[in-house]
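We're numbering straight along the sequence, starting at 1. What you see is a predicted model; the values in this text were computed from it and never measured.
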Amino acid sequence: MKYNYKDFGLVNTREMFAKANKEGYAVPAFNFNNLEQLQAIIEACVEMGAPVILQVSSSARNYIGRDMIPWLGRAAVEYVKAAGSDIPVALHLDHGPSYEIAEDCILNGFSSVMIDASKYDYDENVAISKKVADFAHKYDVTVEAELGVLAGIEDEVHAEEHIFTRPEEVEDFVSKTGVDSLAIAIGTSHGAYKFKPGDNPHIRLDILKEIEKRIPGFPIVLHGSSSVPQQYVRIINENGGKIEDALGIPDEQLHMASKSAVAKINVDTDGRLAFTAGVRKAFADDPTVFDPRKYLAKGREFMKKYYKEKIVDVYGAEGAYKKGKERK
């Protein structure tokens, strides 16, 4: 093992999820691809007193650097301490595409990994997920798997068809694999182009309720849960961008889910849109700007503001832990 996540002050998701389920909120799980996005996430969660799961996809890990990622996780933990907060911080592999990549993350500082074998048939999904869980638990790393398929495109995730999770399979899957949390498909979708104007985007709370009955108290995860905030789409398009009409899952539906067994809600697209809106606004306000600190800071500002609102409106996680002071 090159890096042990515990040496960096990171935590796995076990206690984080237990507290969230007991108190009726969901843990924010936000993806990042650069330093400014990481800053926006950790500052928002510190100031709101919300736990956080810092997520990277395997392509984001390659972009940032395999050896740099765990040190960024440690930097986030040190920031939390310096701000006077006690929020727990997990470092999570999002949509791990193979056992080999999950294993490499486990041995290099990640406290949690997802193995996404949902593209395979049921038995193969079980076998791969169990293999990852067996290895991860040797190092006290928690594992998320997926049952069902979310449509959409985001990083290495690409699926044309949405396949709802079958409640009758969840108990068997959880029992056979030994995973610690389960991502389910109940109507959310990956990427910015989830639904078109005129559609009625909604999640199947009836399926969620049935799954809760079958695996009571087990942490459930929702992927593809961005709402595609129209204010940021508008800013992007007004300042040289071209984002086609699209809709996401309404915040109020996600908030309802957060009060159930849903312990973790993933958001990536919304952060990208907010960050991009800030950068484009910075360039539009001052076409002469070429200092990255100026335009990336605007992206960070937009993303942080939006996530602070999301922590209240969707996750219900404000004040779950001690709030820290604002970054100066």
Checklist outcome for this item: Nearest heavy-atom approach of Phe218 to Val179 is CZ-O, 3.4 Å
Next on the checklist: Ring-plane angle category for Phe8 and Trp71, please: parallel below 30°, perpendicular beyond 60°, tilted otherwise.
Outcome noted: tilted
Next on the checklist: Just checking Glu23: does its CD atom have more than 12 heavy atoms from other residues, nucleotides or ligands closer to it than 6.0 angstrom?
Outcome noted: yes
Checklist entry - In Å, rounded to the nearest 0.5 Å, how long is the span from CG of Leu91 to CG of Asn108? => result 10.5 Å
Item to check | Expected output: side-chain Ser98 to main-chain Ile101 donor-acceptor under 3.5 Å | outcome: yes
Item to check | Worked verdict on Tyr307 versus Phe30 for ring pair (Phe, Tyr, Trp, His ring centres under 6.0 Å) | outcome: CA-CA 9 Å; Tyr307 277 162; Phe30 297 139; 3.7 Å; yes
Checklist entry - Hey, is Lys308 close enough to Glu43 for a salt bridge, meaning N to O under 4.0 Å? => result no
Checklist outcome for this item: Closest non-hydrogen contact found for Gly96 with Ile115 is O-CD1, 3.5 Å
Checklist entry - Distance-only, no hydrogens or angles: does the Ser111 side chain make a donor-acceptor pair with backbone N or O of Tyr5 under 3.5 Å? => result no
Checklist entry - Looking at Phe275 versus Phe302, is the centre-to-centre ring distance below 6.0 Å? => result no
Item to check | Modelled atom types, side-chain donor and acceptor of Ser129 and Asn125, under 3.5 Å | outcome: yes
Checklist entry - Can you find a side-chain donor-acceptor pair between Lys325 and Ser85 that sits under 3.5 Å? => result no
Checklist entry - Can you tell me if Thr177 uses its side chain to pair, donor with acceptor, with the backbone of Phe173 under 3.5 Å? => result yes
Checklist outcome for this item: Tested for salt bridge (charged side-chain N to carboxylate O under 4.0 Å, His left out) against Glu47, the lone hit among Lys304, Lys323, Lys305, Lys322 is Lys304
Next on the checklist: Is a donor from one side chain sitting under 3.5 angstrom from an acceptor on the other, for Asn34 and Tyr63?
Outcome noted: no
Checklist entry - At their closest point, which heavy atom of Gly178 faces which heavy atom of His137, and how far apart are they? => result O-CE1, 3.0 Å
